[in-house]
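Side chains included, hydrogens not; waters and symmetry mates left out as well; all remaining heavy atoms used.
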Amino acid sequence: MTIDKTALRGRLRRNLLCALAITLLTLADQLLKLAAAAHLQGQHKTLLPHVLGLTYVENTGAAFSMLSGHTTLLSVGTLIVLLAAAVLLFLGYFKRLFADVCATLIIAGGLGNLIDRFAHHYVVDYIETLFVDFPVYNFADILVVVGVFGAVGYLIWDFVRETREKKKHG
């Protein structure tokens with residue numbers, strides 16, 4: 001078996017970029033949460049009237065406060081998902097850069113919230129959407145949601161593409 005050194009170098013470069021992005025995005029998330037904890041406790045700040053505000057919330061649950069108070073269960077579940085995603089990402093399971101980006105966003109966001117759960121037993125949320133009744137969320141949540149929606153969109157696109165290819169050649 002021969003090793004394609006060019007492909008190996010490309011994968012290594014991609015892995016390093018993904019690891020750097022995960023680190024920087026997770027750091028940004030943690031710094032934003034520190035700022036929220038330092039400057040928002042007990043108060044609300046409107047950024048854009050009727051659109052966007054900042055409110056400090058300690059969330060012991062997951063999205064929409066589901067499983068509130070089950071921090072250990074959420075932490076273990078998140079850790080399993082993050083490890084699986086990281087293994088798939090860094091072993092090169094995803095063949096397209098877009099899929100790597102989606103996985104990177106999901107891992108960074110999940111890691112940011114996991115750090116909170118381990119450190120505080122809750123997740124710091126601070127972004128409030130004012131034009132609709134929606135739970136307060138954070139930067140890590142945005143990363144996960146964008147990553148998941150991107151991955152779902154990618155999977156649908158890939159399925160449609162493969163179906164068309166099979167019809168064309170089959």
Side-chain angles (χ1 to χ4, degrees), residues 14-90 93-94 97-157:
R14 240 161 120 165
N15 284 351
L16 289 172
L17 287 172
C18 289
L20 178 62
I22 290 167
T23 302
L24 293 175
L25 290 168
T26 303
L27 180 61
D29 171 67
Q30 291 299 298
L31 290 174
L32 287 167
K33 289 172 179 173
L34 282 172
H39 300 290
L40 290 175
Q41 287 192 25
Q43 55 185 313
H44 167 83
K45 294 186 180 185
T46 300
L47 297 178
L48 295 170
H50 309 293
V51 177
L52 192 65
L54 298 174
T55 301
Y56 179 84
V57 174
E58 295 175 354
N59 182 359
T60 61
F64 305 102
S65 295
M66 291 185 302
L67 297 173
S68 269
H70 293 85
T71 304
T72 303
L73 176 65
L74 288 168
S75 297
V76 170
T78 301
L79 187 58
I80 290 168
V81 169
L82 291 179
L83 288 173
V87 166
L88 293 174
L89 175 65
F90 293 116
Y93 176 80
F94 307 117
L97 178 61
F98 186 77
D100 280 0
V101 170
C102 292
T104 295
L105 294 175
I106 293 166
I107 292 167
L111 186 58
N113 284 339
L114 186 63
I115 290 169
D116 277 16
R117 286 193 184 101
F118 279 136
H120 312 295
H121 302 289
Y122 58 82
V123 172
V124 174
D125 289 330
Y126 52 88
I127 302 170
E128 185 176 17
T129 307
L130 302 175
F131 62 89
V132 64
D133 187 23
F134 196 77
V136 179
Y137 53 97
N138 61 47
F139 180 65
D141 297 335
I142 294 169
L143 294 174
V144 171
V145 168
V146 170
V148 167
F149 274 103
V152 168
Y154 170 78
L155 290 171
I156 292 170
W157 172 82

Quick check: do [X] and [Y] have side-chain heavy atoms less than 4.5 Å from each other?
{"X": "I127", "Y": "L52", "result": "yes"}
{"X": "L25", "Y": "L105", "result": "yes"}
{"X": "T78", "Y": "L82", "result": "yes"}
{"X": "Y56", "Y": "Q41", "result": "yes"}
{"X": "H50", "Y": "L48", "result": "no"}
{"X": "I106", "Y": "L143", "result": "no"}
{"X": "L111", "Y": "I22", "result": "yes"}
{"X": "F134", "Y": "F131", "result": "no"}

| request: Any pair with a residue in residues 121-132 that passes salt bridge (charged side-chain N to carboxylate O under 4.0 Å, His left out), sequence neighbours left out, goes on the list, sorted by first then second residue, please. | output: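 The answer is none; no pair qualifies.
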
| said: Could you check whether any side-chain N or O of Q30 sits under 3.5 Å from a backbone N or O of G112, counting only pairs where one atom can act as donor and the other as acceptor? | reply: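 Looks like yes, one N/O pair under 3.5 Å.
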
| Donor-acceptor contact below 3.5 Å, side chain N59 vs main chain V123 |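 Checking the backbone N and O of V123 against the side chain of N59, no donor-acceptor pair under 3.5 Å is found.
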
| task | Kindly indicate, with the supporting measurements, whether the criterion side-chain contact (heavy atoms from CB on, under 4.5 Å) is fulfilled by V132 and T129. | result | CA-CA 6 Å; V132 64; T129 307; 3.7 Å; yes

Could you tell me which non-hydrogen atom of [X] sits nearest to which non-hydrogen atom of [Y], and how far apart they are?
{"X": "Y154", "Y": "A99", "value": "CE2-CB, 4.1 Å"}
{"X": "A28", "Y": "F139", "value": "CB-CE2, 4.1 Å"}
{"X": "G147", "Y": "C102", "value": "O-CB, 3.5 Å"}
{"X": "A140", "Y": "G109", "value": "CB-O, 3.3 Å"}

[X]: which residues meet the side-chain hydrogen bond (donor to acceptor under 3.5 Å, both in side chains) condition with it, sequence neighbours left out?
{"X": "Y126", "answer": "none"}
{"X": "T23", "answer": "none"}
{"X": "D141", "answer": "N113"}

Distance, nearest 0.5 Å, that separates [atom1] of [X] from [atom2] of [Y]:
{"X": "D100", "Y": "L17", "atom1": "CG", "atom2": "CG", "answer": "10.0 Å"}
{"X": "K45", "Y": "L54", "atom1": "NZ", "atom2": "CG", "answer": "8.0 Å"}
{"X": "K33", "Y": "N138", "atom1": "NZ", "atom2": "CG", "answer": "4.5 Å"}
{"X": "L88", "Y": "L83", "atom1": "CG", "atom2": "CG", "answer": "11.0 Å"}
{"X": "L79", "Y": "R117", "atom1": "CG", "atom2": "CZ", "answer": "11.5 Å"}

| With F94 via ring pair (Phe, Tyr, Trp, His ring centres under 6.0 Å) - residues at least two apart |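 None.
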
| Is there any ring pair (Phe, Tyr, Trp, His ring centres under 6.0 Å) pair reaching into residues 104-123, and which pairs are they, with sequence neighbours excluded? |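 Of all non-adjacent pairs touching residues 104-123, those that pass ring pair (Phe, Tyr, Trp, His ring centres under 6.0 Å) are H120-Y122.
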
| said: Checking side-chain contact (heavy atoms from CB on, under 4.5 Å) between T26 and each of L114, L31, I107, I115, which is the one that passes? | reply: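 Going through the options one by one, the only one that passes is I115.
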
